[in-house]
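Computed from heavy atoms alone, side chains included, the values below leave out hydrogens, waters and symmetry copies.
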Amino acid sequence: VIVLSFRAKCQDNNQSHITYLFDPNTLFASGRNVLFFAALDRRPGYHYYIFLNDDTFLEYNEFTPANMTKISPFRAVENWLLDYEPAVGVLDYKAFFGASSLLKVRRDLCGINEPSLVLPTVMFDGLFNAFHYKAVEHVLPYPTQYERGCIIASNRDTIIAVEVKFGGQALLFSPVTAGNPKHRDYDRTVNNFWEIVREFIARIKEEAPPTLRNHVIFEMLLGDPRRYLNNESRSFCANVTRHQPIIPYKHLLDDV
């Protein structure tokens, strides 16, 4: 575990598996980048890089099979990540595009009525994100140039990068809900939010292979990013299978 604090240095509690870092000049994106690069520097590397807020908790919910509750929610999530190997793994979230919302989108957009414990997703909050080692360096680090004027923008860049590069491989584990009850005061200003989002999309487009830069995904994202990411992406309709190859742009190249 690597813990980053920004207001005060954490007191060492002599637990050998925890490393404490301190950087008073960090916010969400810059702070996670400090953690990201610190984790990458470790050898041997990890199979998943899992980012959590300090107040993140996990709990079982109405989708949880009874036999799963014999182990802790954290252990259940670890088992799921290794069993399915999503490019990015996220959890149910009651306040922001959780399992119930995804089931509705799959029904309305895709005509899929079957419930599932593992759902493809596009939109996800940053309070619990697990990045596969084959995907993480294609998605992170977070952009930091706007975080002091629009702190929530950087996570939208991550969402779009995942959708463009690994669409259908961002998976949500329905049986476990992540929560963050503290919701401390911070600047929630969203000045020029959608202009910033379109700037991110344009940059991600330019980073794509030349043969894909005219792909319809960029036209749809730039045209109405909110609608595309919330309920229009065909990634919501993806067939979920275990251990899909994690290859950037594979789903787009299959369309060409």
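- Taking the six-membered ring wherever Trp is involved, the centroid distance between the rings of Phe28 and Tyr142 falls below 6.0 Å.
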The test is side chain to side chain contact (heavy atoms under 4.5 Å, CB included); show your working for Arg156 and Leu229 and say whether it passes. CA-CA 10 Å; Arg156 197 58 53 92; Leu229 295 170; 3.9 Å; yes

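- One finds the CD atom of Glu59 at 11.0 Å from the CG atom of Leu91 (value rounded to the nearest 0.5 Å).
- Taking every heavy atom of both residues into account, Ile246 and Glu85 meet most closely at CD1-O, 3.9 Å.
- For the pair Glu232/Asp224, no side-chain contact is recorded, criterion being any heavy-atom separation below 4.5 Å from C-beta on.
- Side-chain contact between Phe236 and Ile112: absent, with no pair of heavy atoms (C-beta onward) separated by less than 4.5 Å.
- No option in Val90, Leu58, Leu82 other than Leu58 meets the side chain to side chain contact (heavy atoms under 4.5 Å, CB included) test with Val77.
- Ring centroids of His132 and Tyr48 are separated by less than 6.0 Å, placing the two rings close together.
- In this structure the side chain of Val136 reaches within 4.5 angstrom of the side chain of Phe36, judged on heavy atoms.
- Electrostatic pairing of Lys94 and Asp92 counts as a salt bridge here, judged by a charged N lying under 4.0 Å from a carboxylate O.
- A donor atom on one side chain and an acceptor atom on the other are not found under 3.5 Å apart for Arg32 and Thr158.
- Ion pairing of Glu207 with Arg203 is present here, as a side-chain N (NZ or NE/NH1/NH2) and a carboxylate O approach within less than 4.0 Å.
- Across every non-hydrogen atom of Met220 and Tyr228, the tightest pair is CB-CD1, 3.7 Å.
- Counting heavy atoms from C-beta on, the side chains of Phe57 and Pro73 never come closer than 4.5 Å.
- Here the straight-line distance linking atom OG of Ser235 with atom CD1 of Ile217 works out to 6.5 Å at 0.5 Å rounding.
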